[in-house]
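Beneath this line is the structure, given in structure tokens, with notes to follow.
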Amino acid sequence: MSTVTVPATTEESKAREAANAPEPKPLDALHTAYGDTTIADQVVEKIAGIAAREVPGVYAMGSAVGRAYTSMTQRMPGQQQSVSGGVSIEKGERQTAIGVSIVVEYGVSIVQVADNIRDAVIKSVEYGTGLDVVSVDVNVTDVHLPAEYETGADSTPAPSTGSATLA
């Protein structure tokens, strides 16, 4: 038995082509009808780093090892101060997730500082880049003690006798 193939009508051909055609990208601030805007990872890192540094209670950014490395490299002639130290990002076309490592000043509320960092980073990055910030994770790596604790003046702890239990 042989099968007869009937040619498709023009309407059927157009419908088949339309079904196979890719959907157009949704337009937003970074993707317009006239072209796309791409933003480098370093740009997002710098904006987030500047915003986090401006929050009261933040003494420094990054871990001890990272700060030591940055300190050494900045001493070389022609090097600029790094504002993105302590910031890591994951970025897509329209969204970004940001991680911030900080050292807080002694005596501040870490919870309040972290909330203030989230607010500042989200506002700055969304305004500056048009990217949607889906999360800002804050990692507190250390507490900066006042100078009187660092020099050891009247700060020698009493010797402990026995073990302490935490409640």
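Only heavy atoms go into these numbers, but all of them, side chains included; no hydrogens, no water, no symmetry mates.
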Exercise for the section: To the nearest 0.5 angstrom, please state how far the CG atom of Asp142 sits from the CG atom of Leu145. Expected result: 7.5 Å
Practice task
Would you please test Val103 and Val143 for side-chain contact (heavy atoms from CB on, under 4.5 Å) and show each step?
Solution key: CA-CA 5 Å; Val103 176; Val143 175; 5.8 Å; no
Problem - Candidate pair Glu90 and Gln95, rule side-chain contact (heavy atoms from CB on, under 4.5 Å), full reasoning - result: CA-CA 9 Å; Glu90 292 181 24; Gln95 296 178 330; over 6 Å; no
Exercise for the section: Indicate yes or no: at least one non-hydrogen side-chain atom of Met61 is less than 4.5 angstrom from one of Val100. Expected result: yes
Practice task
Could you pull out the closest heavy-atom pair between Ile117 and Ala52, with the gap in Å?
Solution key: CG2-CB, 4.2 Å
Problem - side-chain contact (heavy atoms from CB on, under 4.5 Å) partners for Asp119, two or more places apart - result: none
Handout entry: Atom pair NZ/CD1 of Lys46 and Ile89 - distance to nearest 0.5 Å
Key = 12.5 Å
Practice task
Report yes if the side chains of Ile39 and Leu30 come closer than 4.5 Å at any heavy-atom pair, otherwise no.
Solution key: yes
Name each donor-acceptor pair under 3.5 Å that joins a side chain in residues 128-137 to protein atoms two or more places apart or in another chain, with its distance.
| residue | atom | partner | partner atom | Å |
| --- | --- | --- | --- | --- |
| Thr129 | OG1 | Val125 | O | 2.5 |
| Thr129 | OG1 | Leu131 | N | 3.1 |

Handout entry: Interatomic spacing from NZ in Lys91 to CD in Glu45 - rounded to 0.5 Å
Key = 10.5 Å
Practice task
Working to the nearest 0.5 Å, report the span between CD of Glu93 and CG of Asp36.
Solution key: 7.0 Å
Exercise for the section: Could you tell me whether the side chain of Thr141 reaches within less than 4.5 Å of the side chain of Ile102, counting heavy atoms only? Expected result: no
Fill in the blank from the handout: Closest non-hydrogen contact found for Ile98 with Ala48 is CG2-CB, 4.1 Å
Completion exercise
By side chain to side chain donor-acceptor pair (under 3.5 Å), Glu105 pairs with (sequence neighbours left out) none
Exercise for the section: Taking all heavy atoms of Ala120 and all of Ala51, pick out the closest pair and write down the distance. Expected result: O-CB, 3.7 Å
